Amino acid sequence: MHVGLTHFLIVSAILFTLGIYGIVTRKNAVMVLMGIELILNAANINFVAFARYGNFGLGGQVIALFIIILAAAEAAIALAIVLNIYKTFSNVNVDEIDKLKE
Amino acid sequence: MNYFDIIFYLFAIITVVSAFIVVTTRNIVYSAYSLLLTLFGISGIYVLLGADFLAVVQIMVYVGGILILLLFGVMLTNKITSVDIRTGTIHLLPAAVGSGILLGILWAVMTWTDWKTYDTQIPSTTIFGLGKILITNYVLIFELLALLLLIALIGAASIARREETEENN
């Protein structure tokens, strides 16, 4: 069976599911961020695959580029928040932090 | 099975296996390094899809930027003296069942849907086309993203420094 659009979509679906699994099961906030990165990459693979096998020109690749930029901004802000949480509570386990301040 | 298929399966296996390690290993540093392999695998998939510029951007921004940031996050939020940096896990079984069902649904939808595909020729390079489309059709989003990156930079710096300035006052 020749590799076609479906194969790329299935790789993306597996990555998305693994990202969801990582977000749900991990306690450490940095690990949750890694799960989010996996999900964003899965979305990106879908965009690029449809741009390649569809008839839309380069629009899909431009959107994928924008998603990469948004992921960079998101990671910077989220890690700043995580560092602040660590300063306040001395741990970053998302199941133990249930207050907005000390 | 031609070269394209073999290379695709190679990159797909690298991507999926290392992504699996990212979400299952208990050592956070191992997770971060597995994420490196995942991002490289995805970059290879971009090359196979004819997105050469995007593959380079993926390596530069994700591996050179976001992954280093995540590693900084790991190092700064754990005791330096503790050698093994481990993370706890919760709800393992419900999460596995739930994401298994989700994967089944997604897999079925992706496989059964009759995607209308066009076998277009891959252009030798996409840089010219991307540059042109970025400053014509998508110029508003492009400029807004530049503004967003500036705001994110200032915001991240001010959030991370907040405690120190309060102490000074």
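All values reported here derive from a predicted model rather than from experimental measurement. Naming convention: chains lettered A, B, ... in sequence-line order (proteins, then strands); numbering from 1 in each chain. All values below were derived from every heavy atom in this structure, side-chain atoms included, with hydrogens, water molecules and symmetry-related copies excluded.
Residue A:Asn55 touches chain B through both its backbone and its side chain, counting heavy-atom pairs closer than 4.5 Å. Both the backbone and the side chain of A:Phe8 come within contact range of chain B, with heavy atoms under 4.5 Å apart. Both the backbone and the side chain of B:Ser31 come within less than 4.5 Å of a heavy atom of chain A. For B:Phe72, no part sits under 4.5 Å from any heavy atom of chain A, backbone or side chain. For chain B, the nearby part of A:Leu5 is the side chain; its heavy atoms alone come within less than 4.5 Å. Of the two parts of B:Ile90, the backbone and the side chain both hold a non-hydrogen atom closer than 4.5 Å to a non-hydrogen atom of chain A. The part of A:Ile63 that comes within reach of chain B is its side chain, from C-beta onward, which places non-hydrogen atoms under 4.5 angstrom from that chain. With a 4.5 angstrom heavy-atom cutoff, B:Leu149 touches chain A only via side-chain atoms. With a threshold of 4.5 angstrom between heavy atoms, B:Phe4 approaches chain A through side-chain atoms but not through N, CA, C or O. For chain B, the nearby parts of A:Val48 are the backbone and the side chain; heavy atoms of each come within less than 4.5 Å. For A:Leu9, the parts lying near chain B are the backbone and the side chain together; criterion is any non-hydrogen pair under 4.5 Å. With a threshold of 4.5 angstrom between heavy atoms, B:Val16 approaches chain A through its backbone and through its side chain. If you measure heavy-atom distances from A:Ile14 to chain B, the contacts under 4.5 Å come from both the backbone and the side chain. The contact between A:Leu65 and chain B is made by backbone and side chain atoms together, counting heavy-atom distances below 4.5 Å. Of the atoms belonging to B:Lys132, not a single heavy atom falls under 4.5 Å from chain A. With a 4.5 angstrom heavy-atom cutoff, A:Leu15 touches chain B only via side-chain atoms. Using a 4.5 Å cut-off between heavy atoms, A:Asn44 touches chain B through backbone and side chain atoms alike. In this structure, no portion of A:Ala51 lies under 4.5 Å from any heavy atom of chain B. For a residue to count as touching a neighbouring chain, one of its non-hydrogen atoms must lie under 4.5 Å from one of that chain's; by this rule B:Leu103 touches chain A with backbone and side chain alike. Residue B:Ile133 touches chain A through its side chain alone, counting heavy-atom pairs closer than 4.5 Å. Contact of B:Leu67 with chain A is not made at all, since no heavy-atom distance falls under 4.5 Å.
Side-chain atoms of B:Trp115 come within 3.5 Å of backbone N or O of B:Met110 as a donor-acceptor pair. In this structure a side-chain-to-backbone donor-acceptor pair under 3.5 Å is present from B:Asn2 to B:Asp5. Under the 3.5 Å distance criterion, the side-chain polar atoms of B:Ser43 are matched with a main-chain donor or acceptor of B:Ala55. The backbone N or O of B:Ile21 sits nowhere less than 3.5 Å from a side-chain atom of B:Thr25 that would complete a donor-acceptor pair.
Remark: A:Phe89 CZ is packed, more than 12 non-hydrogen atoms of other residues, nucleotides or ligands lying under 6.0 Å away. Around OH of A:Tyr21, the count of heavy atoms belonging to other residues, nucleotides or ligands within 6.0 Å exceeds 12.
At least one side-chain heavy atom of B:Leu48 sits less than 4.5 Å from a side-chain heavy atom of B:Phe11. Side-chain contact between A:His7 and A:Ile10 is absent, with no heavy atoms from C-beta onward closer than 4.5 Å. Here the side chains of B:Thr136 and B:Phe142 are not in contact, with every heavy-atom distance at 4.5 Å or above. B:Gln58 places a side-chain heavy atom less than 4.5 Å from the side chain of A:Ile68. Between B:Ile28 and A:Met34, some side-chain heavy-atom pair lies under the 4.5 Å cut-off. Within the 4.5 Å cutoff, the side chain of A:Val82 has heavy atoms near those of the B:Thr77 side chain.
No other option in A:Gly19, A:Gly57, A:Gly4, A:Gly59 has as many heavy-atom pairs under 4.5 Å with chain B as A:Gly59. Annotation: maximal heavy-atom pairing with chain A below 4.5 Å, among B:Gly65, B:Ala95, B:Gly100, B:Gly73, occurs at B:Ala95. Note on A:Gly35, A:Ala42, A:Ala49: by heavy-atom pairs under 4.5 Å with chain B, the leading option is A:Ala49. Ranked by non-hydrogen atom pairs under 4.5 Å with chain B, the options A:Ile20, A:Asn91, A:Thr6 are led by A:Thr6. Of the residues considered (A:Val30, A:Thr25, A:Val24), A:Thr25 shows the highest number of contacts with chain B, using heavy-atom pairs under 4.5 Å. If you tally non-hydrogen atom pairs under 4.5 Å between each of B:Leu39, B:Leu102, B:Leu70 and chain A, the highest count goes to B:Leu70. Taking chain A as the reference chain and counting heavy-atom pairs below 4.5 Å, the highest number among B:Thr117, B:Ile66, B:Leu106 is found for B:Ile66. Contact count versus chain A (heavy atoms, under 4.5 Å) is highest, among B:Leu153, B:Ile151, B:Thr126, B:Asn137, for B:Thr126. Between chain B and the options A:Val92, A:Ile45, A:Ile81, the largest number of non-hydrogen pairs under 4.5 Å is found for A:Ile45. Of the residues considered (A:Phe66, A:Phe50, A:Phe16), A:Phe66 shows the highest number of contacts with chain B, using heavy-atom pairs under 4.5 Å.
Linking ILVMFWY residues whenever their side-chain heavy atoms come closer than 4.5 Å, directly or via other members, places A:Leu70 and A:Val62 in the same cluster. Cluster annotation: A:Leu40 and B:Ile59 are assigned to the same hydrophobic cluster (Ile/Leu/Val/Met/Phe/Trp/Tyr, side-chain heavy-atom contacts under 4.5 Å, transitive). Hydrophobic clustering (side-chain heavy atoms under 4.5 Å, transitive across Ile, Leu, Val, Met, Phe, Trp, Tyr) groups B:Tyr138 together with B:Leu148. When the side chains of ILVMFWY residues are joined at heavy-atom separations under 4.5 Å, either directly or via intervening members, A:Ile69 and B:Ile127 end up in a single hydrophobic cluster.
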List the steps and the verdict of side-chain contact (heavy atoms from CB on, under 4.5 Å) for A:Leu38 and B:Val23.
CA-CA 10 Å; A:Leu38 282 182; B:Val23 295; 4.1 Å; yes
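Here the closest non-hydrogen pair linking B:Val22 and B:Leu35 is CG2-N, 3.3 Å.
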